[in-house]
Asker: 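To start, I am sharing the structure in question, which I have written as C-alpha cells.
The analysis underlying the following values was restricted to heavy atoms, covering all of them including side chains, and did not include hydrogens, waters or symmetry mates. Here is how names work: the chains are called A, B, and so on, in the same order as the sequence lines, proteins then strands, and each is numbered from 1.
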Amino acid sequence: MSSVKEQLIENLTEEDKVSQSKITIVGTGAVGMACAICILLKDLADELALVDVVTDKLKGETMDLQHGSLFFNTSKIVSGKDYSVSANSKLVIITAGARQQEGESRLNLVQRNVDIMKSIIPAIVQNSPDCKMLIVSNPVDILTYVVWKLSGLPATRVIGSGCNLDSARFRYLIGQKLGVHPSSCHGWIIGEHGDSSVPLWSGVNVAGVSLKSLDPNIGTDSDKDHWKNIHKEVVGSAYEIIKLKGYTSWGIGLSVTDLVKSILKNLRRVHPVSTMVKGSYGIKEEIFLSIPCVLGRNGVSDVVKVNLNSEEEALLKKSASTLWNVQKDLRF
Amino acid sequence: MSWTVGILRASQRAGTVRANFLCPAMALSPRPLAAIPLGGAWAVAATSKMATVKCELMKNFSSEEAVRNSKISIVGTGSVGMACAISILLKGLSDELALVDVDEGRLKGETMDLQHGSPFVKMPNIVSSRDYLVTANSSLVIITAGARQEKGETRLNLVQRNVAIFKLMMSNIVQYSPRCKLIVVSNPVDILTYVAWKLSAFPQNRVIGSGCNLDTARFRFLIGQRLSIHSESCHGWILGEHGDSSVPVWSGVNIAGVPLKELNLDIGTDKDPEQWKNVHRDVVASAYEIIKMKGYTSWAIGLSVADLTESILKNLRRVHPVSTRIKGLYGINEEVFLSVPCILGESGITDLIKVKLAPEEEAHLQKSAKTLWDIQKELKF
C-alpha cells in the first residue's frame, strides 16, 4: 500500500543535505530573534540553527519562524539545546548572555557573561572548527576578547559587532539633522562600543564633502550648532530605548545582518567592528576595539589605517585602558 | 516629540559672508491635499534654526512636499505589530511607516530602535504618535491592537470590549485616511473584521481580515515537511473561520497540479491510514503550542501580513485566503466574515474565487457563520 508521497514523487537522487551557508545563532532573546528574522528576510543563509538553554522559548521561536517558511527562502531551520545542531556553520552569532538592566553599564555585566561564554564556546568550535564568530553580547569588546581566548581561533575569525551599531545611529542622526537618508551620510565611530566611543569628526561627509571643512569647530564645545550632541545621543541611545521598551533589538539585528552579508558573500566592505588592535594606534594591550575592518569570507582580512588626530588617539588609548582594567581581572 | 515635523524652508541665502551665515527656517503649514479633511504628508527632518553646515553643504531647489504613495500605518506596537513592521521594512513595501499605540513609552522606544537600522535598509520615513494624525493619507492601515482574552472571559465579553476600542480607532483612522484599505489582524479576527466594517462604513472590498492566511501558510509548511518539498510548491487552502473551526479543503490540495486526493481517496478522513487529518489538527494547535512555549506568536503572522500588504500595495491581484463578507454564498444568510480565496489588489478585495465545497465543508461554514452571528447580533455599537 504505497503512500501518497511514493505515488506522487519519483526519487532520482539522494538529497544533498550539506548546507553551504549555514548560520547558527546562540541565544533566542530579542536580539537573537531580531538577527534571525533579518537574516531570513535578506536571504543570507540556506540553513539557520538556533541554540538556547531555555528549551520552551527556543522551540516556540523556531516553530514560529518555520511557520513563515512560505514567505522566505531558507529551507532548513533547526534548533536544540545541544551544539550538535550548529555543526558545519560558516558563521556563528553569539547573542547569549545576561542583559543590560536599566541604568546598568555594560562593564557591569562582564563576569556574568564570561561564565556563560565558557559553557558555549568550546562546543561551538568543536562542531564548526572553521567558522567565523560574531559576538554581539555585551560588553562586546571584552567578550570578543574572551571568546577569542576560549576558542583558540585566529583573531581574524573572531569579530565583535562593536561600533557597527553606534556608527549606524550616528549616521541616522546626521541624516535627520541634514534631511538626507542615512545611507548617504558617512561617519565613523570607533573604539569602545559604549560610553567611551570615539566619533571621527574629520571623516564625517556627504558626497565627499567633509562637514569639518564647512565648520572647523564641528564636534567641539565651541560649535554653535552642537554637533557634539549627536555623539552624546548615540552613546545614550541604548539606555534610552531600554528605558522606553525594555531592550533594543531592531537596530542591532539590522546592523548584525549587514555584517553577516559582508562575511558570507565575501563582499570585502569596510565596517567598524571590534578586532584585536594590539600594535596599532600605540596600543600595547591585547584588547579588542572597533576600527574600520575589511570583512570577507575569512573574517577580518585587513584593517584600514585611519589618521587620528592627537585627541582622537588619546581617546582611543583611554578606551583601551578602560577595557584592559576590566579584562585583567577576569577569571577564566 | 515622538514624531518629526517637516519644516519647509525658503532656499534664499541671507548673505554671502560665510562667517555670519544664517539660514532662515520658516515653518509653513502643509498644503491640504485635495479631498482630505486634515493635513497633508509630513516630511522628514527636524532642522535647527541655524544649521550652518547644512546650508553650506546643500543647495535646495524644491520645497515641495513629498507625496506618499504607499504609506502604511500599523496600529498596535506589540509583538504582532512590530513583526509586521520589520517584515514590511525588510521587504521595502512602503515609503512611509506610521506606528500608533496608546503606550507612548513603548511606541517611542520601538520607533527609535527601527530608525537606528536606517543605514542598512532602504528605510522609509518612520513616524509615530499616540495621535492618529500621523496616520494621515495611509494607503493601508494594519490593525493589531485590541483587548486580550482574560482568564475565564466569554468571547462575547471580549468582543464587546473590543467594539469599544475599535470605535475610537475606526473614527480616527477613517478621518485621516478615508480611502485606505484596512487589514484587521486582532482576534477574534472574523468578528473584528465585521466590527471594523460596520464602524468604518467602508465598502466591503476595503476591509480585509487576515483570517486564514496564516493557517494556510502553516498548512502548506506542514504538507511540505511530509513530502520534503518547499511549502511554496505545496498548494492547499484552509478556509472559513480562523481558528479551531477552520476548514481544510482536501480536494484542492495538490503538488504540480496532482491532487493528493486522487492518490489517496480517504485523505483527511478518519479512515486515512496516513492520517493526513493530523496536518490540519497541527495547524489548529499551532498557535496554542507556540503561545505555551514562547508566550505569543509573532514572526509567522508578521510575514503573512507583509505578504498581503505586498499584494495590495503593488496591485498584484494574487489570491489569498482572507476574511471577507460572505453573506449570500454557501447558503449563508448571516452578515458574517469568513475566509475564502480572494483576489487582492490596489482596491482591496476585488473578486473572490468560488470554491466548490463538499457538503460537509459547506455545512461546516454554515455552522461557523451561525456561531459568529450569535455573538455579533448581541453587540451594541
Side-chain angles (χ1 to χ4, degrees), chain A residues 1 3-5 7-9 15 33-34 37-38 41-42 56-57 59-61 63-72 75 165 168-169 171-172 175-183 206 209 211 214-215 218 224-225 227 237 240-246 248-251 253-255 257-258, chain B residues 4 44-48 50-54 56-58 83 86-87 90-91 105-106 108-110 112-121 214 217-218 220-221 224 226-228 230-232 255 258 260 263-264 267 273-274 276 286 289-290 292-295 297-300 303-304 306-307:
Chain A
M1 177 55 197
S3 68
V4 161
K5 183 172 178 179
Q7 287 182 76
L8 178 71
I9 300 167
E15 181 193 342
M33 291 316 296
I37 193 76
C38 293
L41 278 163
K42 291 230 143 196
D56 268 0
K57 174 110 165 68
K59 181 142 193 259
E61 292 288 7
M63 277 180 75
D64 203 2
L65 286 180
Q66 287 169 333
H67 288 172
S69 290
L70 184 57
F71 309 112
F72 51 70
S75 53
L165 178 56
R169 287 172 171 152
R171 294 169 67 188
Y172 167 71
Q176 286 292 97
K177 203 168 166 78
L178 298 174
V180 175
H181 195 276
S183 58
V206 178
V209 179
L211 297 198
L214 304 177
D215 177 4
I218 200 170
K224 292 194 179 62
D225 214 5
W227 282 84
S237 288
E240 218 196 318
I241 295 179
I242 289 170
K243 208 165 77 171
L244 294 165
K245 68 173 251 196
T248 87
S249 56
W250 308 123
L254 288 162
S255 69
T257 303
D258 195 51
Chain B
T4 54
V44 182
T47 55
S48 65
M50 208 181 74
T52 57
V53 165
K54 180 172 179 174
E56 283 299 307
L57 179 69
M58 303 189 303
I86 193 74
S87 303
L90 279 160
K91 286 172 71 96
R106 179 174 71 187
K108 181 160 191 230
E110 291 288 7
M112 278 178 75
D113 205 2
L114 284 178
Q115 288 168 331
H116 290 171
S118 301
F120 308 117
V121 186
L214 177 55
R218 285 174 170 147
R220 295 171 68 181
F221 165 70
R226 275 209 186 199
L227 300 173
S228 299
H230 193 280
S231 46
E232 218 181 292
I255 313 294
V258 180
L260 297 198
L263 307 173
N264 176 353
I267 196 169
E274 282 183 74
W276 280 84
S286 289
E289 231 194 302
I290 295 177
K292 210 166 77 175
M293 291 188 283
K294 68 174 252 197
T297 87
S298 56
W299 306 122
L303 288 162
S304 69
D307 192 49

Asker: Check ring pair (Phe, Tyr, Trp, His ring centres under 6.0 Å) between B:Phe120 and all other residues, then give those that pass, not counting sequence neighbours.
Answerer: none
Asker: When rounded to the nearest 0.5 angstrom, what is the spacing between CG in A:Asp215 and CG in B:Leu57?
Answerer: 12.0 Å
Asker: I need the residue from B:Gly224, B:Gly105, B:Gly295 with the largest number of non-hydrogen atom pairs under 4.5 Å to chain A.
Answerer: B:Gly105
Asker: Pick one of side chain, backbone, both or neither for B:Glu274, based on which atoms fall under 4.5 Å of a heavy atom in chain A.
Answerer: side chain
Asker: Specify which of A:Arg171, A:Gln66, A:Lys57 makes the most heavy-atom pairs with chain B at under 4.5 Å.
Answerer: A:Gln66
Asker: What residue in A:Glu240, A:Lys59, A:Glu61 has the most heavy-atom pairs under 4.5 Å with chain B?
Answerer: A:Glu61
Asker: Which residues satisfy the side chain to side chain contact (heavy atoms under 4.5 Å, CB included) test with B:Ser87, sequence neighbours excluded?
Answerer: A:Leu41, B:Leu303, B:Ala306
Asker: Rounded to the nearest 0.5 Å, what separates atom CG in A:Leu165 from atom NE2 in B:His116?
Answerer: 8.0 Å
Asker: What is the minimum heavy-atom distance between A:Leu254 and B:Leu90, and which atoms define it?
Answerer: CD2-CD2, 3.8 Å
Asker: Roughly how far, to the nearest 0.5 Å, is OG of B:Ser118 from CH2 of A:Trp250?
Answerer: 14.5 Å
Asker: Highest number of heavy-atom pairs under 4.5 Å with chain B: which of A:Ser3, A:Gly60, A:Ser69?
Answerer: A:Gly60
Asker: Rounded to the nearest 0.5 Å, what separation is found between the CG atom of A:Leu244 and the NZ atom of B:Lys108?
Answerer: 6.0 Å
Asker: Identify the heavy atoms of B:Ser228 and A:Lys5 that sit nearest to each other, and give their distance.
Answerer: OG-NZ, 3.3 Å
Asker: What part of A:Lys42 lies closer than 4.5 angstrom to a heavy atom of chain B: side chain, backbone, both or neither?
Answerer: side chain
Asker: Among B:Ser298, B:Ala83, B:Ser286, B:Gly109, single out the residue with the greatest number of heavy-atom pairs under 4.5 Å to chain A.
Answerer: B:Gly109
Asker: Which one, B:Leu114, B:Asn264, B:Ile255, B:Val258, leads in non-hydrogen pairs under 4.5 Å with chain A?
Answerer: B:Leu114
Asker: Check whether A:Thr257 gets within reach of chain B through its side chain, its backbone, both or neither, counting any heavy atom under 4.5 Å.
Answerer: neither
Asker: Can you tell if the side chain of B:Lys294 reaches within under 4.5 Å of the side chain of A:Met63, non-hydrogen atoms only?
Answerer: no
Asker: Tell me, for B:Glu232 versus chain A, whether the close heavy atoms (under 4.5 Å) come from the side chain, the backbone, both or neither.
Answerer: both
Asker: Is chain B contacted by the side chain of A:Ile9, its backbone, both, or neither, given a heavy-atom distance below 4.5 Å?
Answerer: side chain
Asker: Taking the side chain as every heavy atom from C-beta outward, state whether B:Met58 and A:Val206 have any atom pair closer than 4.5 Å.
Answerer: no
Asker: Can you tell which of A:Gly253, A:Ser183, A:Ser249 has the highest number of heavy-atom pairs within less than 4.5 Å of chain B?
Answerer: A:Ser249
Asker: Side-chain contact, heavy-atom cut-off 4.5 Å: B:Arg226 with A:Val4?
Answerer: no
Asker: Where the side chain of B:Asp113 meets the backbone of A:Thr248, is there a donor-acceptor pair that is under 3.5 Å apart?
Answerer: no
Asker: Identify the heavy atoms of A:Gly68 and B:Ala300 that sit nearest to each other, and give their distance.
Answerer: N-CB, 3.9 Å
Asker: To the nearest 0.5 Å, what is the distance between NE2 (A:His67) and OG (B:Ser304)?
Answerer: 12.0 Å
Asker: At a 4.5 Å cut-off on heavy atoms, which part of A:Glu15 comes close to chain B: side chain, backbone, both, or neither?
Answerer: neither
Asker: Does A:Gln7 reach the main-chain N or O of B:Leu263 with its side chain, forming a donor-acceptor pair under 3.5 Å?
Answerer: yes
